[in-house]
Number of protein chains: 2
Amino acid sequence: MRTFDTGRTDFEQDGPITVARWEQYRIAENTMPFGAMWYSVPPATSSALDCHPELELSIVVAGIAHVEAGGAITEVRAGNAFLLDSEEPHVIHNRAPDQQLTIFSGYWMPLTAELAGSPSGAGTA
Amino acid sequence: MRTFDTGRTDFEQDGPITVARWEQYRIAENTMPFGAMWYSVPPATSSALDCHPELELSIVVAGIAHVEAGGAITEVRAGNAFLLDSEEPHVIHNRAPDQQLTIFSGYWMPLTAELAGSPSGAGTA
């Protein structure tokens with residue numbers, strides 16, 4: 001069992017936000033079927049507009065996200081999640097004046113039919 | 001963009017804990033390369049011993065987990081994560097007298113070499 005503690009993780013500035021990619025944990029290659037990162041949006045700050053081919057599942061672990069996507073802004077509080085589709089443009093706003101917003105994100109390329117039929121898509125833990 | 005709100009999710013009793021599997025969200029099949037669930041461990045309660053072939057990445061979203069695995073008990077606070085290996089026995093303790101422990105888990109079967117070489121294992125979002 002391995003643990004991943006944001007307090008003992010290196011975050012790097014990436015425009016207005018800080019990002020900690022999980023590559024730094026040196027998890028053995030091919031252990032996880034997705035890439036992962038933590039990122040923090042400072043109070044009263046927004047991420048840059050982002051758009052990428054990977055789908056992205058985000059778990060809000062601290063603060064309140066206002067997620068701008070598809071022409072709407074949706075509030076997602078700590079403990080809840082949001083899933084962005086491939087090539088879906090998004091901006092993450094932290095509207096709080098004094099509270100960090102921290103998010104875990106897992107991301108992966110759209111699954112091909114070949115992959116979709118594999119056992120990794122049908123776990124039943 | 002879709003959101004997943006634990007407050008609007010059906011949790012089912014599963015022994016001493018409650019579990020909300022993501023199948024209920026009816027995400028299109030083959031969207032995610034892993035299965036997912038939320039689960040809650042009530043105050044002063046422990047999960048049953050669990051062990052399964054899937055690897056499992058857990059994000060603690062509320063409370064403090066004491067994760068028993070490999071002969072040790074490790075504290076994992078809200079906002080942090082732990083990764084259990086395939087077939088690694090584990091028990092999740094909530095030692096708090098009055099605070100729920102809620103966890104997001106993603107799980108997947110060990111990746112085969114064939115899958116490991118695929119784009120879904122190398123996202124760079």
Side-chain angles (χ1 to χ4, degrees), chain A residues 1-7 27 29-38 50 52-57 59-62 67 69-70 72 74-85 88 90 102 104-125, chain B residues 1-7 27 29-38 50 52-57 59-62 67 69-70 72 74-85 88 90 102 104-125:
Chain A
M1 198 265 290
R2 285 196 58 183
T3 59
F4 309 102
D5 185 328
T6 50
I27 297 168
E29 262 192 71
N30 309 322
T31 299
M32 308 203 307
F34 51 89
M37 62 182 175
W38 308 103
D50 200 13
H52 44 71
E54 293 88 350
L55 291 87
E56 184 174 1
L57 177 67
I59 316 287
V60 179
V61 297
V67 184
T74 306
E75 181 182 287
V76 184
R77 291 175 168 265
N80 297 319
F82 57 97
L83 175 64
L84 292 156
D85 207 352
E88 183 169 11
H90 52 280
T102 302
F104 167 86
S105 275
Y107 49 88
W108 60 93
M109 292 295 283
L111 303 184
T112 65
E114 180 189 352
L115 285 169
S118 79
S120 76
T124 55
Chain B
M1 198 264 290
R2 286 197 57 183
T3 58
F4 309 101
D5 186 329
T6 51
I27 298 168
E29 263 191 71
N30 309 323
T31 300
M32 307 203 307
F34 51 90
M37 63 181 174
W38 308 103
D50 200 12
H52 43 72
E54 291 89 349
L55 291 87
E56 183 175 2
L57 177 67
I59 315 287
V60 179
V61 296
V67 184
T74 307
E75 181 182 287
V76 184
R77 291 175 168 266
N80 298 318
F82 58 96
L83 175 63
L84 292 156
D85 208 351
E88 184 168 12
H90 52 280
T102 301
F104 167 85
S105 275
Y107 49 88
W108 61 92
M109 292 294 284
L111 303 184
T112 65
E114 180 189 352
L115 286 168
S118 80
S120 75
T124 55

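Numbers restart at 1 for each chain; the letters A, B, ... are given by sequence-line order, proteins then strands. This structure is a prediction, so every number in the text was calculated from the model and none was measured.
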Under a 4.5 Å heavy-atom cut-off, does chain A meet the side chain of Leu83(B), its backbone, both or neither? both
Check ring pair (Phe, Tyr, Trp, His ring centres under 6.0 Å) between Phe104(B) and all other residues, then give those that pass, not counting sequence neighbours. Trp22(B), Trp38(B)
Taking side-chain contact (heavy atoms from CB on, under 4.5 Å) as the definition, give me every residue that meets it alongside Ala78(B), ordered by chain and number, with sequence neighbours left out. Val60(B)
CZ/Arg2(B): more than 12 non-hydrogen atoms of other groups inside 6.0 Å: yes
Select one option (side chain, backbone, both, neither) describing which atoms of Ser105(B) are under 4.5 Å from chain A's heavy atoms. neither
Which atom names give the shortest non-hydrogen contact between Glu88(A) and Met1(B), and what distance separates them? OE2-N, 2.7 Å
Top contributor to chain B contacts, counting heavy-atom pairs under 4.5 Å, from Val61(A), Val76(A), Ile27(A): Val61(A)
Give me the ring orientation class for Trp108(B) and Phe34(A): parallel if the planes are under 30° apart, tilted from 30 to 60°, perpendicular past 60°. perpendicular
Can you measure from OG1 (Thr74(A)) to CG (Asp5(B)) and round to the nearest 0.5 angstrom? 11.5 Å
Compare every heavy atom of Leu55(B) with every heavy atom of Thr31(A), then report the nearest pair and how far apart it is. CG2-CD2, 3.6 Å
Show the nearest heavy-atom pair for residues Gly7(A) and Asn80(B), with the distance to one decimal. N-OD1, 4.5 Å
For Thr102(B), which atoms come within 4.5 Å of any heavy atom of chain A: side chain, backbone, both, or neither? neither
Given that the side chain runs from C-beta out, which part of Asp85(B) has a heavy atom under 4.5 Å from chain A: side chain, backbone, both or neither? neither
Most heavy-atom pairs under 4.5 angstrom with chain B, which of Ala62(A), Pro53(A), Gly79(A)? Gly79(A)
